[in-house]
Number of protein chains: 2
Amino acid sequence: MYEQLKLDNQLCFPFYAVSRLITRAYQADLDALGITYPQYLVLMILWENNNVTVNDVADKLILNTNTVTPLLKRMEVLGLLTRKQSKTDQRKVIISLTTKGNELQHEAAQIPIRLMQKLNIEPNENQLADFLKLKNQLNSLIDLLKNNA
Amino acid sequence: MYEQLKLDNQLCFPFYAVSRLITRAYQADLDALGITYPQYLVLMILWENNNVTVNDVADKLILNTNTVTPLLKRMEVLGLLTRKQSKTDQRKVIISLTTKGNELQHEAAQIPIRLMQKLNIEPNENQLADFLKLKNQLNSLIDLLKNNA
DNA sequence: TACTTTTGTATCGCAAACGATATAAATACA
DNA sequence: TGTATTTATATCGTTTGCGATACAAAAGTA
């Protein structure tokens, strides 16, 4: 038995599991808004920065455009955003929030708060410090994986 | 602008990103073996513990059986494993490695080593300690999410 | 024993995620 | 100016992931 092939010795597997479990944890609240987890991420980008290109969305989410294009098309059908060809560069497609997409952020603002409650996480100083440390570790890992893989 | 809705303030997003980037990092090596990342995880389970049920696989990978059943069927077509109805309980399907599936572990044993090299991670004492600490944090998070979501 | 509930697996449909590939627009350059 | 290259997005096919549902076998119970 190779030690490095045991599931319990992997670092990759818990990341894979946590990622899916987080999506599940959001599910009920997102269902209430009629959106999926990747759609929620797209909305977060647009709420912070409206009128971006398909590539902008793909870059921020570290996804390929062939994933993002159909994702945005589904969101257009849902009436959350519009897709318009740029006039200055006709290759680009500008993604803009509709009123409906924009309004959704007020309801969505409760989601992170409710998730913390559901997980019984009280944001005291110690936990916030752990939170920040973990986030920094993850971002370092993202940089490492983006540049070397 | 709600602070809790900024992509940079999320802990969920880096987990989602890391998970996909890890899969990408494995891609080249797994392509050489003709398998995918979830298939690699199934093989790790079987190499450590042959003759398990569909539910056993689903439980260990924290996946639903409706994901695992087609996954195992594809692996059966690839000649990596067999699916046989249990004689003692006809509801159960026993998953067993074929010779081909079993042999694959010798090549696969190089994969975690090559990944470390690719990411320039030298397993010195400090890094091993960080590695273990992070793994424990992730496993606590998995327990939290499994029980409260 | 007869009926109900639970368990284990599978099927269906839809949304991701991505490699391979296509295509038009913009840019570089000979 | 004309041609090659790059850029931005889209299309297609396959695997994954999951909710809803189905169904037979096993277990529980009246």
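No hydrogens, no waters, no symmetry mates; every other heavy atom, side chains included, goes into these values. Worth saying up front: this structure is predicted, and the values here are computed from it rather than measured. Here is the naming used below: chain letters follow the sequence lines, and residue numbers restart at 1 for every chain.
For Asn55(B), the listed nucleotide lying nearest its side chain is dG8(C); candidates were dA26(C), dG8(C), dG19(D). Distances from the side chain of Gln27(A) to the nucleotides dG19(D), dA10(C), dG19(C) place dG19(D) closest. Residue Arg24(B) places its side chain closer to dC18(C) than to any other of dC18(C), dA16(C), dA10(D). The nucleotide whose nearest atom lies closest to any side-chain atom of Gln90(A) is, among dA25(C), dA10(D), dA26(D), dA25(C). Side chain of Thr67(A), nearest nucleotide from dT16(D), dA15(C), dC18(C): dC18(C). Closest approach to the Asn66(B) side chain among dC12(C), dT6(D), dA17(C) is made by dC12(C) (side chain taken as heavy atoms from C-beta onward). Nearest to the side-chain atoms of Thr65(B) among the listed nucleotides dT9(D), dC18(C), dT9(C) stands dT9(C).
Summary of the strand contacts: Asp89(A) and Asp89(B) both lie near DNA chain D, and taking for each the nucleotide with the nearest heavy atom, the more 5' one is attributed to Asp89(A). Remark on DNA chain D: of its neighbouring residues Pro70(A) and Gln39(B), the 5'-side contact belongs to Pro70(A), judged by nearest-heavy-atom nucleotide.
Ring geometry for Phe15(B) versus Phe15(A): interplanar angle of 30 to 60°, hence tilted.
When the shell of 6.0 Å around CG of Asp143(A) is examined, it contains more than 12 heavy atoms from other residues, nucleotides or ligands. Counting heavy-atom neighbours within 6.0 Å of Asp59(B) CG, excluding the residue itself, gives a total above 12.
Regarding Leu72(A), its CG atom lies at a distance of 12 Å from the P atom of dT11(D), rounded to whole Å. Between the C1' atom of dA26(C) and the CD atom of Gln85(A) lies a distance of 12 Å, rounded to the nearest Å. To the nearest angstrom, C1' of dA15(C) lies 19 Å from OH of Tyr40(A). Distance NZ (Lys87(B)) to C1' (dG8(C)): 19 Å, rounded to an integer number of Å. For Leu63(A) and dA10(D), the CG to C1' distance is 16 Å, given to the nearest whole Å. One can place CG of Leu30(A) at 13 Å from P of dG19(D), the figure rounded to the nearest angstrom. Remark: P of dT15(D) and OH of Tyr26(B) are 22 Å apart, rounded to the nearest angstrom. Taking atom CZ on Arg91(B) and atom C1' on dT9(C), their separation rounds to 10 Å, with Å as the unit.
The phosphate of dT16(D) has neither OP1 nor OP2 within less than 4.0 Å of any side-chain N or O from Arg20(A). Contact annotation: Arg83(A) side-chain N/O to dT9(D) OP1/OP2 distance is not under 4.0 Å. Contact between the side-chain N/O atoms of Lys73(A) and the OP1/OP2 oxygens of dA15(C) is not found at any separation under 4.0 Å. Taking 4.0 angstrom as the limit, Tyr16(A) places a side-chain polar atom (N or O) nearer than this to OP1 or OP2 of dG17(D).
Scanning DNA chain D for stems, defined as runs of 3 or more consecutive Watson-Crick or G-U wobble pairs whose donor-acceptor distances all fall under 3.5 Å, gives the following ranges: C:1-30 with D:1-30.
No side-chain donor from either of Ser96(A) and Asn50(A) sits under 3.5 Å from a side-chain acceptor of the other. Of the N and O atoms on the side chains of Thr53(B) and Asp56(B), at least one donor lies less than 3.5 Å from an acceptor on the other residue.
Note on Arg74(B): a base of the nucleic acid sits closer than 4.0 angstrom, heavy atoms only. Backbone-only engagement by Thr53(B) is indicated by non-hydrogen atom pairs under 4.0 Å involving sugar-phosphate atoms exclusively.
Here the OH atom belonging to Tyr2(A) is positioned 8.0 Å from the CD atom belonging to Gln110(B), to the nearest 0.5 angstrom.
Residue Arg83(B) comes nearest to Ile95(B) through the heavy atom pair CG-CD1, 3.5 Å, listed as atom of the first residue, atom of the second, then distance. The minimum heavy-atom distance between Gln39(A) and Leu78(A), with the atom names listed, is OE1-CD1, 3.7 Å.
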